Amino acid sequence: MHVYIYDEHLNKAKYNRAINRLEIRLTDLGLNGKIIRLGGIKNIKATIQNEIKLGAKTIVAVGNNQTVNKIIGAIIDTEIYSDFKRKTLLGLIPIGDDNSIAESFGIKNIEDACTILLARRIKQIDLGLVGDYYFLNQASIQSAGTTLEIDDYSLEIEERGEVKIINLLSDQSEKIKSNPHDGKLDILIRTRKKDESFITAEKVKINNEQEKLLIDGVFEVETPSEISVLKNQVNVIVGKDRLFE
Amino acid sequence: MFNKESRLEKFKDAETIIGASIKVKGNFQGQGNIIIEGALEGSLKTDSNLFIGEKARVVANVESRDAIINGEVKGNIKAKGYLALGSSAKIFGDIQYSELSIEKGAIINGQLLALAEEHRKNENRNPESDKKNTEE
């Protein structure tokens with residue numbers, strides 16, 4: 001059974017047409033399921049966990065990056081997580097802004113998303129972990145004053161720019177090979193002097209006394225922080241045009 | 001034998017790139033091709049190929065398969081395959097190599113030691129092909 005989790009922002013009137021279009025398309029494809037609207041629900045975690053306990057085969061995040069993060073946050077580190085990992089698929093339907101995670105999976109719009117749900121092409125995806133936060137895409141921080149500690153060595157960066165610690169590549173313009181199911185993080189450092197550095201690591205400790213670490217463009221985390229990766233944690237329904245093999 | 005273009009081809013798919021603004025300290029080890037354009041202090045080792053750019057400053061013992069060096073290295077170098085020193089290379093340390101090319105202008109302050117033929121064969125041996133030969 002499909003369970004569609006509609007995020008709170010979809011309650012706004014400007015999304016009514018998109019929702020109508022989505023529901024008609026899902027009906028046409030025979031993909032109807034249970035709809036849960038997060039607007040108005042106080043205990044989001046318990047609601048999502050309950051659906052998995054009731055045997056949801058596919059949980060579909062309808063909304064944006066934050067919707068996906070809410071669903072993963074509701075499941076991970078709970079008693080139902082092993083069931084979710086074995087039996088449940090995660091689907092995405094992007095509506096609204098801030099949908100880099102869906103883009104990474106090759107899901108550009110509602111119509112794409114419905115066709116992709118029907119095709120059920122599945123990939124196991126790693127999760128990034130910083131403290132109590134899990135992320136799919138990336139963590140980023142200003143490069144000037146940032147120190148990275150990896151294995152037996154450290155990197156110091158004085159130039160202004162950006163450090164990205166990538167699990168799942170979200171920007172098509174980045175000309176790097178990134179694999180979200182290799183159990184590794186890809187570290188991309190790009191400074192204003194237009195020089196680039198690229199390293200892969202399983203774990204990295206990051207420190208910057210002035211700046212905070214931004215997770216999936218949503219949460220801010222103080223440093224020093226340790227970022228690691230958990231291999232093959234989520235079964236995601238992906239499109240052909242995804243940004244990875 | 002030392003066609004520069006064909007050698008540079010090997011670095012197209014470098015797994016690690018240290019840019020000019022980065023300073024690395026410690027024991028830096030990799031399994032894929034490494035490009036160093038910045039500063040490195042400690043040790044540097046890869047099972048694959050190594051490229052050290054013109055402005056790079058490396059204070060470390062360096063070990064790789066093939067290596068192209070255009071920057072400054074203070075430390076001993078061991079290239080199990082071929083070693084190419086560009087015109088801007090400055091080496092302050094001993095060098096071990098299987099095959100060597102030195103461009104006019106390169107500075108070497110140390111001893112040059114060619115790896116013995118037998119040692120070269122062992123170092124460059126491909127474990128996969130060895131396995132196949134044994135199986136046959």
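Heavy atoms only: backbone and side chains are in, while hydrogens, waters and symmetry mates are out. What you are looking at is a predicted structure, and each value in this text was computed from that prediction instead of being measured. Proteins come first, then strands; the chains are lettered A, B, ... in the order of their sequence lines, and each starts at number 1.
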Go through the steps to decide whether B:S88 and B:N70 satisfy the test side-chain hydrogen bond (donor to acceptor under 3.5 Å, both in side chains), and finish with yes or no.
CA-CA 5 Å; B:S88 52; B:N70 292 314; 4.5 Å; no

Worked verdict on B:D47 versus B:R65 for salt bridge (Lys or Arg N to Asp or Glu O under 4.0 Å):
CA-CA 6 Å; B:D47 295 333; B:R65 198 163 65 198; over 6 Å; no

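For residues 129-163 of chain A, the interface with chain B (any heavy-atom pair closer than 4.5 Å) comprises A:D152, A:Y153, A:S154, A:L155, A:E156, A:I157, A:E158, A:E159, sorted by residue number.
Heavy atoms closer than 4.5 Å to chain B are found nowhere in A:I187, neither backbone nor side chain.
Within the structure, the salt bridge (Lys or Arg N to Asp or Glu O under 4.0 Å) test picks out the following pairs touching residues 217-229 of chain A (sequence neighbours left out): A:K212-A:E222.
The one candidate from A:L169, A:V236, A:L168 that meets the side-chain contact (heavy atoms from CB on, under 4.5 Å) condition with A:P180 is A:L168.
Applying the side-chain contact (heavy atoms from CB on, under 4.5 Å) test to A:R190 and every residue at least two apart in sequence or in another chain returns A:E174, A:L188, A:E196. The salt bridge (charged side-chain N to carboxylate O under 4.0 Å, His left out) check on A:K87 picks up A:D83, with sequence neighbours excluded.
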